[in-house]
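Input: a single structure, listed below in C-alpha cells.
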Amino acid sequence: MGPGVEASTQKRRIEALYAQLLSAYGPQGWWPLSSRAGKRGFDGRGYHPRAYVHPRTAGGRFEIVMGAVLTQSSSWTNAESALDRLRNAGIRLPSDVRSCTRGRLARLIRSSGYFNQKARKLKEVAALFRAAGSLAREAAPSRVELLSCWGIGPETADSILLYAFHVPSFVVDAYTRRLLSRTGIIEDDRQDGYDDVQRIFHDALPSAHELFNEYHALIVEHAKQHCRARPVCTGCPVRVCRYRDGLPRAASP
DNA sequence: CGCCAGGTGGGAT
DNA sequence: ATCCCACATGGC
C-alpha cells in the first residue's frame, strides 16, 4: 500500500472496483474448461464464458491444472486448443501424462507456445499429483508444495488452489498489476511484488473463493475489453483511472 | 509487420 | 534482492 493511503481507503477502492466490473460484465463463471468438456471423462457441460460447473472429478480438476500451465504467458485460445488435443489423445489424468513421451506431449501442446518447457512442466505436475487421491477435493496441496514444483510459480499456484480446489488464494497476474497501477491503487506495476499485490486483495475482501474467482475473472475480461496494453477507454466502466483515450493523465484523487 | 497474450526459471550483477 | 533473458505459437 502506498504511503499515506489508509487501509480503509484501499478497501473501499477494491470494493468499488469489483462493483463496477461485476455490474459491467456480469458473473464470469470461471474456470473455463476445454471446448468439449462434458464429453466422456469430463465433468461440466459448460464452457467459458458464464457456464461454469465446478469440477467434481480428478479429470476435471487436473484439466484445470494443465490449463493453468498451458496458458502461462500465452492466450487462452492457444492454450485451449492444446487442451483439446490432449483430450483427443486421451490425456486427462496424471497417469496419462506420465505414460506419454516428452516429445509427443510437446507436439500435442504446440499451439500453446513454449511447448518444450511446458511439456516438461506437465511432466512435473503429473508427478506432483501422482499419488492416488491427490486430486480429491479435500486433498488440496499447500501453496508451498505447489511452488516447490518446477514450472509452478505464484500465479499458477494460486490459480490451481482457487479454481481447482476452491482455496481462497487471490490470483495476481499482469492484468491485475496493470489495472491497479492505472487506477492508482498501486504506484506502478513494478513497485510491488506478487505477495504485496495479493495482500491488498486479501486485506480488503472477505476470504471467499467464489468472490476471488469472480474478481480475478472480471479483471481478465476487463483487461481484454478495455484495459489492454494499448488502452481502449471508450465505454470503460472503471471510473477512476489515469488514462483516457490512451493518453496518460494525472492520478485521480 | 510488430505487438501482445491469464509466467517461470536461471544466470549475472 | 533485482534486473535480464530464453522460451514460441497464433491473432489482430
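Residue numbering restarts at 1 for every chain, and letters A, B, ... go by the order of the sequence lines. Only this structure's heavy atoms are used, side chains among them; waters, hydrogens and symmetry mates stay out.
Across the protein-nucleic acid pair, A:Ile160 atom CD1 and B:dG7 atom C1' stand 12 Å apart, rounded to whole Å. Atom CD of A:Gln72 is separated from atom P of C:dA8 by 12 Å (rounded to the nearest Å). Summarising the geometry, the separation between OH on A:Tyr194 and C1' on C:dT2 is reported as 19 Å, rounded to the nearest angstrom. One atom, CG of A:Asp196, and another, C1' of C:dA1, lie 13 Å apart when rounded to the nearest Å. With rounding to whole Å, A:Leu122 atom CG is found 14 Å from B:dT8 atom C1'. Atom-to-atom, CD1 of A:Ile109 to P of C:dA8 comes out at 9 Å; the value is rounded to the nearest Å. In this structure, A:Lys123 atom NZ and B:dT8 atom P are separated by 22 Å, rounded to whole Å. A:Lys224 places its NZ atom 12 Å from the P atom of C:dC12, with the value rounded to the nearest Å.
Here B:dG10 is the nucleotide among B:dT8, B:dG10, C:dT9 with the atom lying nearest to any side-chain atom of A:Trp150. Minimum atom distance to the side chain of A:Arg110 is reached by C:dG10, of the listed B:dA5, B:dT8, C:dG10. Residue A:Phe115 has its side chain nearest to C:dT9 when only B:dG7, B:dA5, C:dT9 are considered. You'll find that the side chain of A:Ser111 is closest to C:dG10, out of B:dA5, C:dG10, B:dG7.
Using P as the reference atom, C:dC7 and B:dC1 are 22 Å apart when rounded to the nearest Å. Rounded to whole Å, the separation between the P atoms of C:dG10 and B:dT8 comes to 22 Å.
In this structure, A:Ala223 reaches neither bases nor backbone, as no heavy-atom distance under 4.0 Å exists between it and the strands shown. A:Gln117 comes within 4.0 angstrom of a nucleotide base, judged by non-hydrogen atoms across all strands. Within 4.0 Å (heavy atoms only), A:Thr77 reaches no atom of the nucleic acid at all.
A:Gln198 and A:Asp158 are linked by a side-chain donor-acceptor pair at a separation below 3.5 angstrom, with hydrogens and angles left out of the test.
When ring centroids are compared, A:Phe212 and A:His202 come within the 6.0 Å threshold.
Relative orientation of the A:Phe129 and A:Phe165 rings is parallel, given thresholds of 30° and 60° on the angle between their planes.
Linking ILVMFWY side-chain heavy atoms closer than 4.5 Å, directly or via other members, places A:Tyr215 and A:Tyr25 in a single hydrophobic cluster.
Mapping A:Ser74 and A:Ile152 onto DNA chain B via the closest heavy atom, the residue that lands nearer the 5' end is A:Ser74. Two residues, A:Arg120 and A:Asp173, neighbour DNA chain B, and the one matched to the more 5' nucleotide by heavy-atom proximity is A:Asp173.
Between A:Arg177 and A:Asp188, none of the side-chain N atoms (NZ, or NE/NH1/NH2) sits under 4.0 Å from a carboxylate O, so this pair counts as no salt bridge.
An OP1 or OP2 oxygen of C:dA8 is reached within less than 4.0 angstrom by a side-chain nitrogen or oxygen of A:Asn116. At C:dA8, none of the side-chain N or O atoms of A:Ser112 fall inside 4.0 Å of OP1 or OP2 (strictly under the cut-off). Within the 4.0 Å cut-off from OP1 or OP2 of B:dA5, at least one side-chain nitrogen or oxygen of A:Arg178 is found.
Each of A:Tyr18, A:Tyr194, A:Phe201 was checked for a ring-ring contact (aromatic ring centres under 6.0 Å, His included) with A:Phe170, and the lone residue meeting it is A:Phe201.
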